[in-house]
Amino acid sequence: QVQLVESGGGLVQPGGSLRLSCAASGSIFVVYAMGWYRQAPGKQRELVATITSGGSTNYANSVKGRFTVSRDNAKNTVYLQMNSLKPEDTAVYYCYADLWLKSGSYSDHYWGQGTQVTVSS
């Protein structure tokens, strides 16, 4: 079994910062890409940032220059540093990982449970 455990969400004022973490653990053979999606109330889930095992990154245009995704391959952990937060960043943030299990099964976007980020005064 695989678990993706997220932490770091919470309430922050506009202009503030948060750092999200997501650690994948369990019967993992190989982890490829990891990253983050978010879903605001009444909206569809959208891609925020991705990072490959080699460190290549992609960002949604709305977060470029403000968010930074990184990872620790040894710990199978992905991070999202969020700076200059705006009210429109308010959403549930979901971690994902593309991975092979030791059983031989492949999961395209294995999801975490989500963590709430609220940007408000």
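Just so you know, residue 1 is the first one in the sequence shown, and it goes up from there.
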Determine whether a donor-acceptor pair (N or O, by modelled atom type, separation under 3.5 Å) exists between the side chain of Gln13 and the backbone of Ser121. no

Go through the steps for Tyr93 and Trp36 under the test ring pair (Phe, Tyr, Trp, His ring centres under 6.0 Å), then give the verdict. CA-CA 7 Å; Tyr93 284 70; Trp36 300 88; 7.3 Å; no

Which heavy atom of Ala40 sits nearest to which heavy atom of Ala91, and what is that distance? N-CB, 3.8 Å

Shortest non-hydrogen separation from Tyr94 to Gln113 and the atoms involved: CE2-O, 3.7 Å

Heavy-atom closest pair, residues Ile28 and Lys102: O-CE, 3.3 Å

Tightest non-hydrogen contact, residues Arg38 and Asp89, listed as NH1-OD1, 2.9 Å

Over 60° means perpendicular and under 30° means parallel, so tell me whether Trp100 and Tyr106 are parallel, tilted or perpendicular. tilted

Show the nearest heavy-atom pair for residues Gln81 and Ser17, with the distance to one decimal. NE2-CB, 4.0 Å

Under 3.5 Å: donor-acceptor pair, side chain of Asn58, backbone of Ala49: no

For residues Val31 and Arg71, report the shortest heavy-atom separation together with the two atoms involved. CG1-NH2, 3.5 Å

Determine, stepwise, if the pair Thr68 / Leu80 fulfils side chain to side chain contact (heavy atoms under 4.5 Å, CB included). CA-CA 6 Å; Thr68 302; Leu80 186 67; over 6 Å; no

Run the ring-centre check on Tyr96 versus Tyr110 and record whether the distance is less than 6.0 Å. no

Between the side chains of Thr118 and Gln116, is a donor N or O closer than 3.5 angstrom to an acceptor N or O? yes

Say whether, by atom type as modelled, one donor and one acceptor occur between the side chain of Ser62 and the main chain of Ala60 under 3.5 angstrom. no

Look at atom CD of Gln1 and say whether more than 12 heavy atoms of other residues, nucleotides or ligands are closer to it than 6.0 Å. no

Gln3 atom CD: more than 12 heavy-atom contacts under 6.0 Å: no

